[in-house]
Amino acid sequence: GKLGLDSGLIRFVALFQATDRIPEAVATIRRAIGIGFLSGLLVAVLLLFNVGSVSRNWFNTTDPLLENLILVFAMMIPIMILAQIISAASMAFKVFKHAAIALYSLPPLVQCVGFVILQNGSTPFIAIALSFVASQVVSLVAAIYFITRIVPIHQRPDARSEPSLMQFS
C-alpha cells in the first residue's frame, strides 16, 4: 500500500516548500512516487496470485465474475496508490482542491458515465471493469496534471530527497 508515504510527503514537502527548498521537495515527491509504485506492485502481485483464496475465504464464493473483478482491482492498485501519493504532494503545497478533484470527483463521475455507456453494448463484467479502469486512469492523469502545474516533478532535480521521509513512514 501507501506505507504512510502520503502523510510523510505532506509533512516534508510542506516543510521544504516553506523554507524555499523546492529541489528537495521535488526529489522527495519523486522518491515517494517510486517507493509507492513498487509497494503497490508488490501488493498487486500478491493479490493476483491469491485471488482464488481471497474469493473463497473473504467472500465465501468461487464465482468467476468476482475473481475476475478482483484481478482487475489488483491490476489497478499501483495506479490508485500513485494517484493518492501525487495528490498528497499537491496538498503539501496547500492546494487541496486538486486532490479533491483527482481522487473524489472525477473517478466516480467517470465510473458512472462509463458504466452507463458500456452496459448497453457489452456484458456487465466488461462494463464494470472498463469503467473502473477508466476512472482510475483518469484519476492518475488528473493528479499528474495538477502537480505539474505546481512544481516540475517531471524534471530531474539536483538535490537528493530527505532520507528521514522513510523514517516517518
Side-chain angles (χ1 to χ4, degrees), residues 1-51 54 58 69-114 129-169:
K2 296 182 297 183
L3 304 172
L5 286 170
D6 53 344
S7 301
L9 193 64
I10 291 171
R11 177 181 178 202
F12 285 103
V13 170
L15 175 72
F16 290 141
Q17 191 258 342
T19 57
D20 289 328
R21 295 167 51 194
I22 301 302
E24 288 100 332
V26 171
T28 303
I29 293 168
R30 290 172 59 99
R31 180 174 278 183
I33 288 170
I35 293 169
F37 180 75
L38 290 177
S39 69
L41 205 57
L42 177 66
V43 170
V45 167
L46 290 173
L47 188 54
L48 286 172
F49 286 119
N50 294 303
V51 69
V54 168
W58 291 2
L69 286 174
I70 293 172
L71 286 173
V72 171
F73 175 77
M75 289 185 283
M76 290 292 101
I77 289 173
I79 290 176
M80 292 185 293
I81 289 173
L82 286 178
Q84 292 177 7
I85 289 173
I86 294 169
S87 293
S90 291
M91 289 190 289
F93 285 99
K94 298 181 179 116
V95 185
F96 296 96
K97 66 182 176 184
H98 291 172
I101 293 168
L103 296 178
Y104 307 114
S105 298
L106 287 177
L109 179 66
V110 170
Q111 195 164 5
C112 289
V113 170
L130 286 180
S131 63
F132 176 70
V133 169
S135 72
Q136 297 311 309
V137 169
V138 165
S139 177
L140 178 60
V141 169
I144 292 170
Y145 172 80
F146 289 138
I147 192 65
T148 57
R149 298 303 171 260
I150 299 170
V151 68
I153 63 164
H154 57 285
Q155 296 175 353
R156 192 157 206 77
D158 295 332
R160 305 244 337 134
S161 65
E162 178 68 30
S164 57
L165 170 66
M166 292 311 298
Q167 294 170 356
F168 181 79
S169 299

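All values below come from the heavy atoms of this structure, side chains included, with hydrogens, waters and symmetry mates left out.
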Where do [X] and [Y] come nearest, in terms of heavy atoms and distance?
| X | Y | value |
| --- | --- | --- |
| Ser87 | Ala102 | OG-CB, 3.9 Å |
| Ala32 | Leu9 | CB-CD1, 3.8 Å |
| Val72 | Ala129 | CG2-CB, 4.0 Å |
| Val26 | Pro152 | CG1-O, 3.9 Å |
| Ile10 | Ala88 | CG1-O, 3.4 Å |
| Ile86 | Ala143 | CG2-O, 3.3 Å |

Quick one: are [X] and [Y] in side-chain contact, heavy atoms under 4.5 Å?
| X | Y | value |
| --- | --- | --- |
| Arg149 | Val95 | no |
| Phe93 | Ile22 | yes |
| Val133 | Met76 | yes |
| Phe73 | Leu47 | yes |

Measuring from [X]:[atom1] to [Y]:[atom2], what's the distance to the nearest 0.5 Å?
| X | Y | atom1 | atom2 | answer |
| --- | --- | --- | --- | --- |
| Gln136 | Leu82 | CD | CG | 11.5 Å |
| Phe132 | Met80 | CZ | CE | 4.5 Å |
| Thr28 | Arg21 | OG1 | CZ | 8.5 Å |
| Ile150 | Lys94 | CD1 | NZ | 12.0 Å |
| Ile144 | Leu140 | CD1 | CG | 4.0 Å |
| Ile101 | Ser90 | CD1 | OG | 10.0 Å |

*Evaluate side chain to side chain contact (heavy atoms under 4.5 Å, CB included) for Thr19 paired with Glu24, printing each intermediate quantity in order.*
CA-CA 10 Å; Thr19 57; Glu24 288 100 332; over 6 Å; no
_Member of Leu103, Ile79, Leu5 meeting the side-chain contact (heavy atoms from CB on, under 4.5 Å) criterion with Gln84_ =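 Answer to the side-chain contact (heavy atoms from CB on, under 4.5 Å) test with Gln84 among Leu103, Ile79, Leu5: Leu103.
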*Counting distance only, does the side-chain N/O of Ser139 pair as donor-acceptor with the main-chain N or O of Ser135 below 3.5 Å?*
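The answer is no, because no donor-acceptor pair under 3.5 Å joins these two groups.
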